[in-house]
Amino acid sequence: MTLILILRVIHIISAIILVGSIVFNYIFLRPALNKIPPAHSVVVSQHVGTTFTIIGLTCLGLLFATGLTQLILVGLWNNLLDLFFYLSRYGLWLAVMVFSWIAVLTDSLIMTFVLRPKLMQKLPLNPNPTPEDVEKRRAIQISTSNLLDWLQLINTVFGGLAALAGASLLQGGLL
């Protein structure tokens with residue numbers, strides 16, 4: 001029982017940190033970065049982005065490990081393959097939480113390994129870059145930044161949904 005309690009505490013703290021970081025990033029940081037000069041915004045984004053990446057992926061890993069271990073310890077692991085389990089309130093909200101976790105993980109991996117490198121890519125070491133090179137780089141950064149904004153919004157929605165679903169599981173699920 002003590003192990004389950006410890007796992008639950010780690011799970012809840014990880015969820016609070018992850019969802020809090022996602023909400024802070026989307027609601028406060030993103031608009032603030034849009035109000036400072038692009039050169040400064042890039043530097044701040046790189047430093048903050050590295051911290052958010054480490055924290056986010058660590059929390060996602062902890063949520064997976066502690067959630068899966070709890071399911072095994074309380075004996076629900078075998079129910080995951082039973083479709084009738086998902087017709088119960090608990091099973092339905094567990095599925096919502098897991099689906100939301102998968103959505104946040106997928107978006108986070110795309111942001112980390114696809115979009116972030118595009119945003120951090122520098123112009124080629126050419127003493128005289130052509131205007132076309134500069135404009136092409138700028139267009140890539142703008143489209144990548146717009147996609148990043150959408151993925152952050154999706155993470156905000158699914159992170160909140162996962163937190164709601166997880167909290168409801170303490171009461172057997174909603175509805």
Side-chain angles (χ1 to χ4, degrees), residues 1-34 45 48-119 143-175:
M1 190 63 167
T2 304
L3 178 58
I4 292 175
L5 183 62
I6 292 169
L7 290 171
R8 186 168 291 156
V9 168
I10 293 170
H11 195 81
I12 291 170
I13 290 171
S14 296
I16 290 169
I17 292 170
L18 179 65
V19 174
S21 295
I22 290 170
V23 168
F24 175 80
N25 190 30
Y26 187 75
I27 294 177
F28 298 109
L29 183 62
R30 188 183 56 85
L33 290 175
N34 289 333
S45 295
V48 173
T50 299
T51 302
F52 274 133
T53 299
I54 293 167
I55 290 171
L57 293 178
T58 300
C59 287
L60 285 165
L62 285 170
L63 287 168
F64 175 76
T66 57
L68 184 62
T69 305
Q70 286 179 78
L71 287 174
I72 292 169
L73 291 175
V74 298
L76 288 176
W77 174 251
N78 295 330
N79 294 351
L80 297 180
L81 296 177
D82 180 9
L83 290 178
F84 290 107
F85 173 69
Y86 299 104
L87 296 177
S88 70
R89 287 183 352 183
Y90 191 90
L92 171 66
W93 287 99
L94 180 64
V96 169
M97 184 176 65
V98 169
F99 175 79
S100 297
W101 176 86
I102 290 170
V104 171
L105 175 67
T106 302
D107 286 353
S108 297
L109 292 174
I110 291 169
M111 287 188 285
T112 300
F113 297 111
V114 177
L115 301 181
R116 194 159 187 262
K118 281 186 180 182
L119 288 173
S143 66
T144 301
S145 181
N146 290 337
L147 181 55
L148 189 65
D149 285 348
W150 275 105
L151 290 177
Q152 288 175 341
L153 175 61
I154 290 168
N155 271 1
T156 303
V157 170
F158 278 111
L161 185 59
L164 175 67
S168 78
L169 290 176
L170 297 173
Q171 304 300 318
L174 293 175
L175 308 173

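Because the structure is a prediction, the values reported are computed rather than measured. When reading the values below, keep in mind they use all heavy atoms of this one structure, side chains included, and skip hydrogens, waters and symmetry mates.
- Between Met97 atom CE and Leu94 atom CG the span is 5.0 Å, to the nearest 0.5 Å.
- Between Leu68 and Trp77 the shortest side-chain heavy-atom distance falls below 4.5 Å.
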How far apart are the C-alpha atoms of Leu33 and Val48, what are their side-chain angles, what is the distance that settles it, and do they pass the side-chain contact (heavy atoms from CB on, under 4.5 Å) test? CA-CA 11 Å; Leu33 290 175; Val48 173; over 6 Å; no
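- With sequence neighbours excluded, the residues forming a side chain to side chain contact (heavy atoms under 4.5 Å, CB included) with Leu3 are Leu7, Leu73, listed by chain and number.
- Pairs of residues two or more places apart, or lying in two chains, never qualify as side-chain hydrogen bond (donor to acceptor under 3.5 Å, both in side chains) while including a residue from residues 86-99.
- Residues Leu148 and Arg116 are not in side-chain contact: their nearest non-hydrogen atoms beyond the backbone lie 4.5 Å or more apart.
- Residue pairs meeting the side-chain hydrogen bond (donor to acceptor under 3.5 Å, both in side chains) criterion with at least one member in residues 52-62, sequence neighbours excluded, do not occur.
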Quiz: residues 78-85 side-chain donor-acceptor pairs under 3.5 angstrom, not counting sequence neighbours:
residue: Asp82; atom: OD1; partner: Phe84; partner atom: N; Å: 3.1

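- Looking at residues two or more places apart in sequence or on another chain, you find a side chain to side chain contact (heavy atoms under 4.5 Å, CB included) between Val114 and Ile110.
- Note that OG1 of Thr50 and CD1 of Ile55 are 11.0 Å apart. Values are rounded to the nearest 0.5 Å.
- Note that CG of Asn34 and CG of Asp149 are 6.5 Å apart. Values are rounded to the nearest 0.5 Å.
- One finds the CG atom of Leu105 at 5.5 Å from the CG atom of Leu60 (value rounded to the nearest 0.5 Å).
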Please set out all donor-acceptor pairs under 3.5 angstrom arising from side-chain atoms of residues 153-175, sequence neighbours excluded.
residue: Thr156; atom: OG1; partner: Gln152; partner atom: O; Å: 2.8
residue: Ser168; atom: OG; partner: Ala165; partner atom: O; Å: 2.7

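- The minimum heavy-atom distance linking Ala15 with Leu63 is given by the pair N-CD2, 3.8 Å.
- Taking NZ from Lys118 and OG1 from Thr144, the interatomic distance works out to 5.0 Å, rounded to the nearest 0.5 Å.
- For residues 59-76, every residue pair satisfying the side-chain hydrogen bond (donor to acceptor under 3.5 Å, both in side chains) rule, not counting sequence neighbours, is listed here: His11-Thr66.
- In terms of the side chain to side chain contact (heavy atoms under 4.5 Å, CB included) criterion, residue partners of Ile6 (sequence neighbours excluded) are, by chain and number, Thr2, Ile10.
- The ring pair (Phe, Tyr, Trp, His ring centres under 6.0 Å) search around Phe64 returns Trp101, not counting sequence neighbours.
- Closest non-hydrogen pair, Leu18 versus Cys59, comes out as CB-CB, 3.9 Å.
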